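One structure follows; several queries about it will come next.
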Amino acid sequence: MNNKIYDLIIIGAGPAGMSAAIYAKRASLEVMIIEAVSPGGKMIKTAEIENWPGLKQTTGPELAFSMFDHINSLAVEYQAGHVSRIEDGEIKKIITDDHQTYLTKSIIIATGTVERKLGIPGEEKFAGKGVSYCAVCDGALFKNKVVTVIGGGNSALEEAIYLAKFASQVNIVIRRDVFRADALVQEDIQNNSKINIILKHIPIEIQGDTVLKNIILENVDTKERQSLMSDGLFPFIGLDPITNFVQDLGITNQQGYINVDANMRTAIPGLYAAGDVIDKGLRQIVTASSDGAIAAQQVIKYLDDNK
Ligand code: NAP
């Protein structure tokens, strides 16, 4: 066990966590970030970013790197680790999968979300053999091949446009006859000659041999089935919050998102949450960064009030 007592430990190094770290460190707090995967969070998996104010166009990995560079320049302590439990108390304990315990006066949870799985036969078998949840990571493997994207939200449509740079054809399969994505990105897919839209269908099985070959689609109205030849499958059907490690704390809603007030406070004193993991309407890099800044300011006030 590390006996040091931090002022603040931030769980998750996406835009919310890194923004919180910048504000906290600039206020001279003893702050550490614990991250389970790699710094950047969802940004790492995002191809184009065109709505970060001040940068007309950048890529997710570039923005992630520049934020990580920023926290490093401030000497924020960074620890790789997967948090399995939080124990509340005046001094809070954070316990990781590998049984490390960290002590802290306050916590900001900024763990974000994970891609939802389709849950159909073949999905696990062909994961990494045609099924991928990250176009930026795997798109180039499908040069001149046919790929299929499932979902009609912003993620699905933006990633479909990215995949069309490599693939010969990109099918987008949606279960309704309307998209959920913003109008602008809908226009872009309508104007992309490589993109083929299949309405009112859901995938029910993924088939292949050593690699994925076909997706069985079912018409949601007629229940008629068809086999769609495809080398790749990219499900982008939404996200689930990463909050399994706080299930026992009673701070989540029915969907698992963390309930916070406008100051990012949970119902537990000294425990804050920020970014995509909280219950809110708009999940963007800019809103996550804003949440992180608010949470850090509140932590500064909390520590001051509880000196
Ligand atoms: P989303 O907006 O929830 O869209 C999910 C899509 O998947 C919907 O079209 C949904 O269909 C479909 N779907 C859900 N479950 C399905 C299933 N079992 N089988 C087939 N289709 C299914 O998810 P997202 O695109 O990942 O976006 C998540 C959040 O991040 C949103 O708030 C989004 O605006 C935000 N985001 C923003 C940007 C940006 O602004 N540039 C980029 C990416 C993400 P229905 O519509 O029929 O429910």
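For ligands, and for the atoms within them, numbers begin at 1 and follow the listed sequence. Here the structure is a predicted model, which is why all the values come from computation and not from measurement. Computation of the quantities below employed the complete heavy-atom set of this structure, encompassing side-chain atoms and omitting hydrogens, waters and symmetry-equivalent molecules.
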- Nearest non-hydrogen protein atom, atom 9 (O) of ligand 1: G152 N, 2.8 Å
- Identify the closest protein heavy atom to atom 34 (O) of ligand 1: which residue and atom is it, and at what distance? N154 ND2, 3.1 Å
- One should read off an interatomic distance between I204 CD1 and I120 CD1, to the nearest 0.5 angstrom, of 8.0 Å
- Assess whether side-chain contact (heavy atoms from CB on, under 4.5 Å) is satisfied between V131 and L212, documenting all intermediate values. CA-CA 7 Å; V131 176; L212 185 161; 3.7 Å; yes
- Item | Protein heavy atom at shortest distance from atom 35 (C) of ligand 1 | R283 O, 3.5 Å
- Query: Is the closest heavy-atom distance from L239 to ligand 1 below 4.0 Å?
  - Reply: yes
- Message: With a heavy-atom distance limit of 4.0 Å, tell me whether F236 approaches ligand 1 through its side chain, its backbone, both, or neither.
- Response: backbone
- Message: Would a single hydrophobic cluster contain both I10 and I294, if residues Ile, Leu, Val, Met, Phe, Trp and Tyr are joined by side-chain heavy-atom contacts under 4.5 Å?
- Response: no
- Message: Can you check which of E159, R180, R175 brings a heavy atom nearest to atom 16 (C) of ligand 1?
- Response: R175
- Could any protein non-hydrogen atom be found less than 4.0 Å from atom 31 (C) of ligand 1? no
- Item | Pairwise side-chain hydrogen bond (donor to acceptor under 3.5 Å, both in side chains) hits with a residue in residues 11-37, at least two apart | K4-E30
- Give the residue, atom name and distance (to 0.1 Å) of the protein heavy atom nearest atom 23 (O) of ligand 1. G238 CA, 3.5 Å
- What is the nearest protein non-hydrogen atom to atom 26 (O) of ligand 1, stated with its residue, atom name and distance? S155 OG, 2.9 Å
- Message: Under 4.5 Å between side-chain heavy atoms, counting indirect links through other Ile/Leu/Val/Met/Phe/Trp/Tyr residues: same cluster for F236 and L199 or not?
- Response: yes
- Looking only at distance, does R176 have an N or O less than 3.5 Å from an N or O of ligand 1? yes
- Message: Give me the residue, atom name and distance of the protein heavy atom closest to atom 40 (O) of ligand 1.
- Response: Q284 NE2, 2.6 Å
- Selection from I174, T113, I237 by shortest heavy-atom distance to atom 5 (C) of ligand 1: I237
- Message: Please report whether ligand 1 has a polar contact with E158, defined as an N or O pair separated by less than 3.5 Å (distance criterion only).
- Response: yes
- Is the shortest N/O to N/O distance between I202 and ligand 1 below 3.5 Å? no
- Say you draw a straight line from CG of D276 to CD1 of I285; how long is it, rounded to the nearest 0.5 Å? 9.0 Å
- Item | NZ or CZ of K117 within 45° of Y133 ring axis and under 6.0 Å | yes
- Query: In terms of side-chain heavy atoms, does E62 have a donor or acceptor partner in T59 at a distance below 3.5 Å?
  - Reply: yes
- Item | Which atom of H201 lies closest to which atom of V173, heavy atoms considered | O-CG1, 3.3 Å
